Amino acid sequence: MGLKGFVEGGIASIVAGASTHPLDLIKVRMQLHGESPVVPNPSLQVCRPALAVGSVTGSISISQVSQPTRVGPITMGVRIVQSEGMAALFSGVSATILRQTLYSTTRMGLYDILKTKWTDRETGDLSLMRKITAGLIAGAVGAAVGNPADVAMVRMQADGRLPIDQRRNYKSVVDALGQMTKQEGIGSLWRGSGLTVNRAMIVTASQLATYDQVKEMILRKGAMSDGIGTHVTASFAAGFVAAVASNPIDVIKTRVMNMKVEPGEAAPYKGALDCALKTVRAEGPMALYKGFIPTISRQGPFTVVLFVTLEQVRKLLKEF
C-alpha cells in the first residue's frame with residue numbers, strides 16, 4: 001500500500017475536516033464555556049474564586065459563585081453568528097486543513113500499513129486487538145506530527161470569545177505558528193501534546209478499528225453489500241464510539257491549549273491533571289462531557305464523510 005495509503009487518507013481527511021469545521025468550532029466554544037477567559041492572579045484564584053476580603057475592616061466573606069448557564073450547540077452557533085458574523089464559523093479553517101494534512105494523513109496512512117502488515121495472508125483476517133493496536137500506534141505518531149496545527153486551530157477557533165483587547169487576532173495558521181514561536185517559544189507549539197497524543201490514540205483506535213470491524217461484520221452476515229449503505233452505517237458506529245471515548249480528554253486538551261500565559265505570571269493550569277481537577281471542582285464532573293452533543297454531531301458527519309470519501313478515493317486510485 002505504502003504512499004498511496006497516505007494520499008488516500010489525506011484527501012479524505014481534508015475533505016471531511018473542512019466540511020465539518022463549523023461544528024468543530026461550536027464544540028470548542030462549548031468546551032470553553034464556563035471557563036474564566038482571564039485569570040488575573042492564578043496563585044489566588046485556584047478554581048472559580050469565592051473569596052472576598054474587605055480592605056477596610058479586614059473581614060473575610062465567602063460568596064457562592066453561580067454556575068454558568070448551559071448553552072446548547074444551536075444557541076452557541078446563533079450567538080457566534082450574531083456577535084461575530086457568519087464567517088466566524090470558519091475561523092481557523094486554515095489550521096484545520098493543515099492539521100488534517102499532517103495529523104490525519106499520517107495516522108490514516110500508518111494504520112493502513114500496519115493493518116496490511118498484520119493481516120493473515122492466508123485467511124485475510126485481522127483480529128480486533130491488532131486493529132486497536134494499529135490505531136493506537138498510528139494515532140500517537142500522527143498527533144505528535146500534527147500538534148502545532150492543533151494548538152493553532154484551537155486558539156483561532158476560541159479567539160472570538162475573548163474580550164477585544166485580549167484577542168490574539170491571528171491572520172492565518174502560518175501567522176499563528178509564527179507568533180506563538182516568537183512570543184512563547186517553540187515549545188508552545190507542542191503545548192498539550194501529551195493530551196493530544198492520548199486523545200489521538202483513543203480516537204484513532206476506536207474510530208478506525210470500529211469502522212473496519214462493523215463493516216466486516218455487516219459484509220460477513222450479508223446484511224448489506226459493500227456500498228454506500230454499509231460505509232455510512234459503519235461510519236456512524238465508529239463516530240459514536242470515538243466521541244464517547246475521547247470527549248473528556250478533548251475538553252481538557254482544549255482548555256490547556258487555549259490558556260493564556262501572561263509574562264511573569266503562573267499558568268492557569270499546571271498540566272492535564274491540574275486542569276481536570278480544577279474543571280471538575282468548579283463546574284462538576286459532567287463538565288468533562290461539555291460539548292458532547294456537537295462532538296457527536298461533528299464526529300458523525302465527519303466520520304461518514306471521511307470513510308465514504310476514502311472508499312471513493314480508493315476506487316479512483318485502485319489502478320495506481
Side-chain angles (χ1 to χ4, degrees), residues 1-13 16-17 99-147 149-150 190 192-221 226 230-231 233-253 272-273 288 295-296 299-300 302-311 313-314:
M1 190 62 67
L3 181 62
K4 191 166 77 166
F6 287 91
V7 174
E8 293 169 346
I11 293 173
S13 299
R99 177 178 179 269
Q100 297 300 336
T101 301
L102 297 176
Y103 160 62
S104 288
T105 298
T106 302
R107 73 177 183 125
M108 298 289 285
L110 186 55
Y111 176 80
D112 212 37
I113 288 175
L114 293 174
K115 191 174 71 169
T116 302
K117 184 179 180 65
W118 291 345
T119 297
D120 190 301
R121 297 184 182 279
E122 295 181 2
T123 63
D125 292 334
L126 181 66
S127 69
L128 177 60
M129 188 54 64
R130 286 201 168 187
K131 290 172 187 170
I132 292 173
T133 303
L136 291 172
I137 295 171
V141 176
V145 172
N147 199 81
D150 208 357
W190 275 271
S193 58
L195 287 165
T196 305
V197 169
N198 288 335
R199 177 188 177 276
M201 290 172 70
I202 292 172
V203 169
T204 304
S206 57
Q207 185 186 63
L208 300 187
T210 299
Y211 177 79
D212 283 342
Q213 196 70 16
V214 173
K215 179 183 173 183
E216 288 174 11
M217 184 178 66
I218 291 173
L219 296 178
R220 189 180 299 118
K221 293 187 175 182
D226 188 5
T230 298
H231 303 158
T233 302
S235 297
F236 266 119
F240 180 79
V241 172
V244 172
S246 67
N247 204 87
I249 295 177
D250 201 24
V251 171
I252 303 305
K253 175 183 77 74
L273 181 59
L288 296 178
T295 293
I296 192 63
Q299 278 284 8
F302 175 86
T303 311
V304 170
V305 175
L306 172 68
F307 286 114
V308 170
T309 304
L310 179 63
E311 297 285 1
V313 171
R314 280 174 175 169

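Keep in mind that the numbers below use all heavy atoms, side chains included, and drop hydrogens, waters and symmetry copies. In this text the structure is predicted, and so the values were computed from the model without any measurement.
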Main chain of V203, side chain of S206: is a donor-acceptor contact present, judged purely on distance under 3.5 Å?
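It does hold such a pair.
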Side chain to side chain donor-acceptor pair (under 3.5 Å) partners for [X], two or more places apart:
X: E311; answer: Y211, K215
X: S235; answer: none
X: N198; answer: none

Residue pairs, two or more places apart or on separate chains, that pass salt bridge (Lys or Arg N to Asp or Glu O under 4.0 Å) and touch residues 194-208:
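Listed by first then second residue: R199-D250.
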Can you run down the salt bridge (Lys or Arg N to Asp or Glu O under 4.0 Å) pairs that involve residues 130-147, sequence neighbours left out, and say none if there aren't any?
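Sorted result for residues 130-147: K131-E216.
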Which heavy atom in [X] sits nearest to a heavy atom in [Y], and how many Å separate them?
X: A205; Y: A209; answer: O-CB, 2.8 Å
X: I202; Y: I249; answer: CD1-CD1, 3.2 Å
X: V141; Y: T106; answer: CG1-CG2, 3.9 Å
X: G5; Y: D112; answer: CA-OD2, 4.0 Å
X: S13; Y: G9; answer: OG-O, 2.7 Å
X: I252; Y: L195; answer: CG2-CD1, 3.7 Å

To the nearest 0.5 angstrom, please state how far the [atom1] atom of [X] sits from the [atom2] atom of [Y].
X: T119; Y: L126; atom1: OG1; atom2: CG; value: 4.5 Å
X: F307; Y: D212; atom1: CZ; atom2: CG; value: 7.0 Å
X: Q299; Y: L306; atom1: CD; atom2: CG; value: 9.5 Å
X: T309; Y: R314; atom1: OG1; atom2: CZ; value: 11.5 Å
X: M217; Y: T210; atom1: CE; atom2: OG1; value: 10.5 Å
X: M108; Y: Q100; atom1: CE; atom2: CD; value: 9.5 Å

Using the side chain to side chain contact (heavy atoms under 4.5 Å, CB included) rule, pick out the option among V313, L310, T105, T101 that qualifies with I11.
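That would be V313; it is the only one of V313, L310, T105, T101 passing the side chain to side chain contact (heavy atoms under 4.5 Å, CB included) with I11.
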Those residues that, when tested against R121, pass salt bridge (Lys or Arg N to Asp or Glu O under 4.0 Å) (two or more places apart)
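In terms of salt bridge (Lys or Arg N to Asp or Glu O under 4.0 Å), with neighbours along the sequence ignored, R121 is linked to no residue.
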Would Y111 and Q207 satisfy side chain to side chain contact (heavy atoms under 4.5 Å, CB included), going step by step from the backbone distance to the final call?
CA-CA 11 Å; Y111 176 80; Q207 185 186 63; over 6 Å; no
If you define the side chain from C-beta out and look only at heavy atoms, does anything of [X] sit under 4.5 Å from [Y]?
X: K115; Y: L208; value: no
X: T303; Y: F236; value: no
X: Y103; Y: T204; value: yes
X: T196; Y: W190; value: no

Does a donor on one side chain and an acceptor on the other come within less than 3.5 Å for S193 and N147?
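S193 vs N147: no donor-acceptor pair found between side chains.
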